[in-house]
Amino acid sequence: MVTVPESQTVPVTLPGVNVDAVAERGRPLPARELREVVFDVQGLGVSYSGNMALQDVSLEVYRNFVTAFIGPSGCGKSTFIRCFNHMNALIPGARIHGRILYHEQDLYGTDVDPVEVRKRIGMVFQKPNPFPKSIYDNVAFGPRVLGMTDGLDERVERALHQAALWDEVKDRLKASALGLSGGQQQRLCIARCLAVEPEVILMDEPASALDPIATTRIEDLMHELKRDYTIIVVTHNMQQAARVADMTAFFSVTRGGEGQRTGILIEYDATDKIFTQPSDKRTEDYVTGRFG
Amino acid sequence: MSAVSAGLRSSRRRGVWAGRLFMAFLLLSLAIGFATLLTLVVQVVFKGVEWVDLVLLLEPPSADPQIAGARPAILATIYLGVLLLALTVPLGVGTAIYLEEYANRNRWYNRLLEINIQNLAAVPSIVYGILGLAFLVRGLGLGRVLLAGAMILTLLVLPTVIIAAREAIRAVPDSIRQGAYALGATRWQVVWRQVLPAAVPGIATGSILALSRALGETAPLLLVGALTYVSFNPTLLGDFTALPVQIYQWVARPQPEFRDTLAASGIIVLLVILLAMNALAIWLRNRYERRW
Amino acid sequence: MATGEATAADQRIALRAPRRRWGEDVIKGALALCALLSVATTIGIVAALFLPAFEFFEEISIVDFITGTNWAPLFAPSSFGVLPLVAGTLLVTAIACAVCMPFGLGAAIYLSEYARARTRKSVKPALEVLAGIPTVVYGYFALTFVGPRLQDLGLPVGVFSALSAGLVMGVMLIPTVASVSEDAMSAVPRDLRDGAYALGSTRLQVATRIVVPAAVSGIIASYVLAISRAVGETMIVLIAAGGQPNLAWNPLEAVQTMTAFVAATGQGDTPTGSIEYKTIFAVGATLFVMTFVMNLLSIRLVRRFREVYE
Ligand SMILES: Nc1ncnc2c1ncn2[C@@H]1O[C@H](COP(=O)(O)OP(=O)(O)OP(=O)(O)O)[C@@H](O)[C@H]1O
Ligand SMILES: [Mg+2]
């Protein structure tokens with residue numbers, strides 16, 4: 001397991017990182033003892049049809065934190081984030097090794113039901129994927145399948161408010177979701193996920209298909225949401241990680257024997273530390289733009 | 001110098017001629033099909049249109065071509081259409097859902113199932129007739145009844161419906177499924193509330209096209225016992241004759257009134273029915289086709 | 001948030017399903033049953049054909065059946081040599097192939113290499129209409145139009161002939177060959193063509209020396225499929241090819257095919273268990289085996305080109 005030292009901000013400016021953004025994120029991190037562990041990942045690995053895509057990852061994810069995963073393409077960030085809500089189980093040939101404890105319970109223990117897991121751990125995808133239904137039905141889908149249909153209208157409205165979308169759509173709830181702009185669609189997907197009141201929200205590059213303004217709105221939203229939710233976000237955009245994340249994990253790729261590429265966790269630390277004073281050379285190369 | 005250019009020119013001229021000849025052959029290839037189609041339609045209409053009248057539509061067959069009609073055959077074909085729809089759509093869509101959404105493609109038995117269906121789609125229709133004769137008519141002792149005909153046509157078109165439904169289901173983007181699963185939907189909820197509604201237009205189009213093929217089938221019905229002469233309206237468990245079979249009976253007679261004229265008018269009715277179904281399928285496709 | 005006020009650590013969160021979702025299992029079972037119906041169909045076909053066929057071969061030697069040159073099951077003394085039926089089938093099939101193979105390929109080349117996208121979009125479905133016409137209609141057309149026109153041309157054909165049935169069947173199969181071949185040709189990567197054009201090749205050369213060779217397994221698949229269809233086609237031959245078993249290999253004469261024999265005999269009220277009844281199954285089994293082998297071959301070939309280019 002990667003040990004997490006106290007956050008210590010030493011103002012060393014590395015080129016390529018907007019330190020203002022780091023400062024802007026504000027809030028000092030609570031001391032380690034005061035953090036509540038939501039996920040305890042222990043020696044996790046994932047293989048696709050026998051090819052290890054990710055190996056030996058250990059880290060802790062804390063409650064009401066935004067935790068960012070960064071790293072070069074193909075290093076297994078998506079693979080990793082999909083482990084938290086059993087989405088890998090949908091891929092034939094995918095196998096999970098090691099453990100993830102969710103509030104001290106084995107997420108992959110026998111008898112664990114993917115539906116129960118996904119109820120508590122929501123997910124937002126890279127490309128906005130609204131259902132080809134009305135805006136209302138999109139948000140209501142989760143509550144409906146989970147049987148939370150009491151006060152559905154209020155629930156939908158609340159979720160849309162939380163996702164900062166209500167004002168834009170309140171007059172056309174019955175209109176097709178496919179008519180929304182890309183940024184609105186992505187906020188709708190966030191609202192859809194909030195409607196079932198999860199504890200954790202997983203976001204896999206939630207803004208990479210969006211323009212800068214829509215991106216800013218999503219980032220603002222993440223700031224808002226972390227008061228109530230625990231957020232894990234994958235991003236390619238280091239500025240974004242620096243702006244939104246409390247903790248950042250940097251992944252990279254090792255090349256095994258027969259040219260096999262396996263993702264590994266290089267460093268996991270407070271975001272400020274990762275971007276200003278990384279302890280691993282590879283992290284430094286990456287965050288300063290010297291690598292891929 | 002001039003020898004070189006002469007050489008160039010002559011080879012080029014040969015190339016031009018070869019190209020033109022080839023093009024002519026290609027156009028001829030297409031023209032043969034269309035010319036045949038046109039001739040066929042003109043021939044049929046020319047010979048038969050005069051006899052397409054209320055007598056044909058409303059009267060039972062008769063030994064006197066002047067008063068011979070095809071009412072029982074037309075009715076039976078309509079009944080067959082309804083029965084086929086009721087039997088093939090649930091079975092075909094069910095199989096398609098199983099193969100696309102439930103079956104693990106890495107298992108040998110599921111691969112075998114796929115090959116089996118592809119192969120069944122290419123089994124000659126007369127073989128299905130033999131199956132019906134051996135099992136339904138003689139084996140089960142059902143006799144030569146409409147239901148037996150419907151069942152055997154169901155088995156005959158099922159592979160086509162399955163293949164069409166699978167294509168429609170596969171055209172629903174995976175992001176929709178992922179989104180629904182991530183909200184805690186069970187497999188069936190994903191299928192029933194997201195995949196199927198999105199695939200309905202494709203399934204409907206494919207099923208109607210398959211159905212129109214089945215209603216034009218004659219050979220298997222001959223074996224399952226569509227009769228030469230049926231003057232009463234068909235019932236589920238009674239003797240029957242279908243429109244294509246009636247046409248065959250007329251074509252097989254030596255008298256030109258039957259062989260040329262009445263058969264042609266029967267063909268007109270059959271083609272109009274099938275054309276209407278095809279038009280409906282095409283309309284459905286254009287109206288509801290979704291580009292993801 | 002969902003966990004409420006109490007700290008989540010001391011509150012065990014239930015990750016187990018509150019109750020077993022029986023409905024899901026039942027549905028999966030029902031869907032699997034639907035899928036099993038197609039397996040049952042195959043088993044049913046095999047059983048329906050081969051069990052009586054075996055009984056047939058208990059009475060009639062299989063060698064006589066396969067090598068006999070006289071097919072007269074309904075006469076006394078009866079004779080069960082299947083060769084005349086096979087010959088009739090192959091003759092009609094050969095005629096059909098002579099039509100559908102070159103012209104089907106020609107249509108495919110036109111659609112894939114020459115036609116503009118818009119032309120293709122309208123021509124392809126129009127061509128498919130040919131494949132949607134019921135075969136009884138083609139039979140009518142062969143009998144009442146093509147046959148007489150052949151006579152007009154001075155050919156010594158009777159009312160029924162292998163030629164008229166085969167020609168019409170060939171036209172009917174053009175879309176089958178065209179659409180499978182065209183799929184294979186469209187799967188040939190652009191770069192291959194562009195490379196050849198860059199070297200100054202003409203369209204003709206690109207089509208015949210690059211695209212056709214690259215798509216050859218798909219084209220063969222379409223041919224095999226067409227042969228299988230032709231062998232299994234019933235109504236055209238039943239109506240237009242006549243009913244005489246004939247080993248003369250003469251396209252101008254009437255012939256009986258395997259399918260036509262089955263249809264003609266199966267229509268009647270031949271008593272169950274009689275030798276005439278069993279001939280239906282012996283011939284049907286022969287037909288099934290022939291088409292089955294070809295279908296598997298064509299499925300294989302289609303897989304092959306899919307694998308190469310996808
Ligand atoms: N469904 C799958 N089947 C097989 N291999 C997969 C699958 N998904 C991912 N992989 C492999 O796992 C490795 C990690 O992929 P992953 O998508 O997790 O990377 P990533 O870090 O998210 O990349 P990116 O930044 O491009 O999104 C890659 O080598 C990829 O080829
Ligand atoms: Mg990714």
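Computed from a predicted model, the values in this text were never measured in an experiment. Side-chain atoms are counted along with the backbone in the values below, which use heavy atoms only and exclude waters and symmetry mates. Note on naming: letters A, B, ... go to the chains in the order of the sequence lines (proteins, then strands), and numbering restarts at 1 for each one.
Counting heavy-atom pairs closer than 4.5 Å to chain B, the top-ranked of the candidates Gly284(C), Ala178(C), Gly170(C), Ala126(C) is Ala126(C). The candidate from Ile174(C), Thr202(C), Ile299(C) with the greatest count of non-hydrogen atom pairs under 4.5 Å with chain B is Ile299(C). Among the candidates Lys47(B), Gln189(B), Glu217(B), Gln118(B), the residue making the largest number of heavy-atom pairs closer than 4.5 Å to chain C is Gln118(B). The candidate from Ile282(B), Leu28(B), Leu270(B), Ile32(B) with the greatest count of non-hydrogen atom pairs under 4.5 Å with chain C is Ile32(B). Chosen from Gly19(B), Ala134(B), Gly266(B), the residue pairing most often with chain C at heavy-atom distances under 4.5 Å is Ala134(B). The residue among Thr36(B), Leu37(B), Leu91(B), Asn119(B) with the most heavy atom pairs within less than 4.5 Å of chain C is Asn119(B). Chosen from Ile247(B), Leu133(B), Leu99(B), Leu112(B), the residue pairing most often with chain C at heavy-atom distances under 4.5 Å is Leu133(B). Ranked by heavy-atom pairs under 4.5 Å with chain B, the first of Thr135(C), Leu238(C), Leu296(C) is Leu238(C). Comparing Arg229(C), Gln267(C), Arg21(C) by heavy-atom pairs within less than 4.5 Å of chain B, the highest count is held by Gln267(C). Between chain C and the options Ala122(B), Gly216(B), Gly129(B), the largest number of non-hydrogen pairs under 4.5 Å is found for Ala122(B). Note on Gly266(C), Gly232(C), Cys34(C): by heavy-atom pairs under 4.5 Å with chain B, the leading option is Cys34(C). The candidate from Tyr138(C), Phe292(C), Phe288(C) with the greatest count of non-hydrogen atom pairs under 4.5 Å with chain B is Phe292(C).
A donor-acceptor contact under 3.5 angstrom links the side chains of Tyr98(B) and Asn110(B), judged on distance only. Neither side chain, Glu182(C) nor Ser179(C), offers a donor N or O lying under 3.5 Å from an acceptor on the other. Residues Gln246(B) and Thr241(B) bring no donor and acceptor atom of their side chains to less than 3.5 Å of each other. Using a 3.5 Å distance cut-off with no hydrogens or angles, the side chains of Ser228(C) and Thr291(C) do not pair a donor with an acceptor.
Contacts between Leu158(B) and chain C at a heavy-atom distance below 4.5 Å involve the side chain alone, from C-beta outward. Using a 4.5 Å cut-off between heavy atoms, Thr208(C) touches chain B through its side chain atoms alone. Using a 4.5 Å cut-off between heavy atoms, Val231(C) does not touch chain B at all. Looking at Leu287(C), the atoms closer than 4.5 Å to chain B (heavy atoms on both sides) all sit in the side chain, from C-beta outward. Interface residue Ala264(B): backbone and side-chain heavy atoms are both found under 4.5 Å from chain C. Heavy-atom distances place both the backbone and the side chain of Tyr248(B) under 4.5 Å from chain C. In this structure, chain B has a heavy atom under 4.5 Å from the side chain of Leu49(C), while its backbone stays farther away. For a residue to count as touching a neighbouring chain, one of its non-hydrogen atoms must lie under 4.5 Å from one of that chain's; by this rule Ile267(B) touches chain C with the side chain only. For a residue to count as touching a neighbouring chain, one of its non-hydrogen atoms must lie under 4.5 Å from one of that chain's; by this rule Ile45(C) touches chain B with backbone and side chain alike. Contacts of Arg187(B) with chain C are made by both backbone and side-chain atoms, with heavy-atom separations under 4.5 Å. Contacts of Leu271(B) with chain C are made by side-chain atoms alone, with heavy-atom separations under 4.5 Å and no backbone atom involved. At a 4.5 Å heavy-atom cutoff, Ser212(B) makes no contact with chain C through either its backbone or its side chain. Residue contact with chain B, scored on non-hydrogen atoms closer than 4.5 Å, is absent for Ala30(C). For Pro175(C), no part lies under 4.5 angstrom from a heavy atom of chain B. If you measure heavy-atom distances from Leu120(B) to chain C, the contacts under 4.5 Å come from the side chain alone. Interface remark: Ala252(B) contributes no atoms to any contact with chain C (heavy atom separation under 4.5 Å). Only the side chain of Val127(B) has a heavy atom closer than 4.5 Å to any heavy atom of chain C. Contacts of Val171(C) with chain B are made by side-chain atoms alone, with heavy-atom separations under 4.5 Å and no backbone atom involved. Heavy atoms of Leu274(B) lying under 4.5 Å from chain C belong exclusively to its side chain.
At least one donor-acceptor pair under 3.5 Å links the side chain of Thr89(C) to the backbone N or O of Met258(C). When atom types are taken as modelled, the side chain of Ser274(C) and the backbone of Pro271(C) share a donor-acceptor pair closer than 3.5 angstrom. Side-chain atoms of Glu276(C) do not come within 3.5 Å of backbone N or O of Lys278(C) as any donor-acceptor pair. Between the Thr42(C) side chain and the Ser38(C) main chain, a donor and an acceptor come within less than 3.5 Å of each other. With Tyr128(B) contributing its side chain and Thr154(B) its backbone, the two residues share no donor-acceptor pair below 3.5 Å. Judged by distance alone, with hydrogens and angles left aside, the side-chain atoms of Thr119(C) form no donor-acceptor pair with the main-chain N or O of Ala115(C) at under 3.5 Å. The main-chain N or O of Asp260(B) is never found under 3.5 Å from a side-chain atom of Thr144(C) such that the two would form a donor-acceptor pair. With hydrogens and angles disregarded, a donor-acceptor distance shorter than 3.5 Å links the side chain of Thr77(B) to the backbone of Leu243(B).
The pair Arg120(C)-Glu113(C) does not count as a salt bridge, with every side-chain nitrogen at least 4.0 angstrom from each carboxylate oxygen. Salt bridge status for Glu114(B) with Arg166(B): present, with a side-chain N to carboxylate O gap under 4.0 Å.
Atom OG1 of residue Thr259(C) and atom CD1 of residue Ile126(B) lie 6.5 Å apart, to the nearest 0.5 angstrom.
Annotation: cation-pi geometry not satisfied between Arg111(B) and Tyr109(B) (NZ/CZ under 6.0 angstrom from ring centroid, within 45° of ring axis).
Ring geometry, Phe50(C) versus Phe54(C): the interplanar angle falls from 30° to 60°, so the pair is classed tilted.
Thr234(C) is not listed as a side-chain neighbour of Val262(C), based on a closest heavy-atom distance of 4.5 Å or more.
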